[in-house]
Amino acid sequence: MKEKLNKFLNTGMNKGLSWTTIASEKLLLAIIGISTCIAAASHLFEMFIVFKIELADLFMLFIYAEILAMVGAFYSTNRIPVTLPIIVAITALCRLIIMQTKEMDGLLVMWESLAILILAGAAYVMSMKDKMSLEKLKDSDRQ
């Protein structure tokens with residue numbers, strides 16, 4: 001049964017769809033990478049014009065770097081590690097807290113901090129899952 005399913009998935013229309021999906025995915029990731037570089041350059045140019053660098057600017061540049069790392073990770077391994085988008089989300093929340101803490105209600109800052117804690121826990125769990133998967137793969141290779 002499994003052989004028939006694999007044969008079906010690797011022939012005809014499905015093979016063509018697989019190719020278009022892969023090509024579309026690579027094209028979109030290339031556009032994301034180029035757009036991220038343009039956005040980072042624009043942000044750096046604005047910082048240069050104003051001649052002022054704030055902590056929020058550094059967080060924004062770090063977000064751009066993490067997005068580029070995700071694109072690079074996909075091109076080198078053909079998969080995006082789940083922890084990278086979680087790290088981007090944590091960085092974005094930190095940036096939000098830093099930029100708006102003076103105007104924000106204290107309770108809202110607490111909720112955003114809780115969201116960061118939950119995301120950090122999720123990143124830890126996902127990294128442990130990856131570590132356990134790698135250990136299982138090594139064990140199966142040894143046998």
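- Contact detail for Asp57 and Lys52: the closest heavy-atom pair is OD2-O, 3.8 Å.
- The structure places CD of Glu25 at 11.0 Å from OG1 of Thr20, a figure rounded to the nearest 0.5 Å.
- Atom OH of Tyr124 has 12 or fewer heavy atoms from other residues, nucleotides or ligands within 6.0 Å.
- For the atom pair Tyr64 OH and Ser42 OG, the distance stands at 7.0 Å (nearest 0.5 Å).
- Shown here are the side chain to side chain contact (heavy atoms under 4.5 Å, CB included) partners of Ala65, two or more places apart in sequence or in another chain: there are none.
- When all heavy atoms of Cys94 and Ile116 are compared, the pair lying nearest together is SG-CD1, 3.8 Å.
- Using a distance-only test at 3.5 Å, with no hydrogens or angles considered, a donor-acceptor pair links the side chain of Tyr75 to the main chain of Lys26.
- Closest of all the heavy-atom pairs between Ala123 and Ile86 is CB-CG2, 3.7 Å.
- Considering CG of Leu27 and CD1 of Ile22, their distance stands at 13.5 Å, rounded to 0.5 Å.
- Judged by distance alone, the side chain of Arg95 and the main-chain N or O of Phe59 form no donor-acceptor pair under 3.5 Å.
- For Leu44, the side chain to side chain contact (heavy atoms under 4.5 Å, CB included) partners at least two apart in sequence or on another chain are Met47, Leu61.
- Atom-to-atom distance recorded for Asp105:CG and Met110:CE is 9.5 Å, nearest 0.5 angstrom.
- Thr83 approaches Ser127 most closely through the heavy-atom pair CG2-N, 4.0 Å.
- The minimum heavy-atom distance linking Leu68 with Cys37 is given by the pair CD2-SG, 3.9 Å.
- Nearest heavy-atom pair, Ala89 versus Leu119, reported as atom, atom and distance to 0.1 Å: CB-CD1, 3.8 Å.
- Listed for the Thr77 side chain is a donor-acceptor partner under 3.5 Å among the backbone atoms of Ala73.
- Interatomic distance, CG of Leu29 versus OG1 of Thr36, reported as 10.0 Å (0.5 Å rounding).
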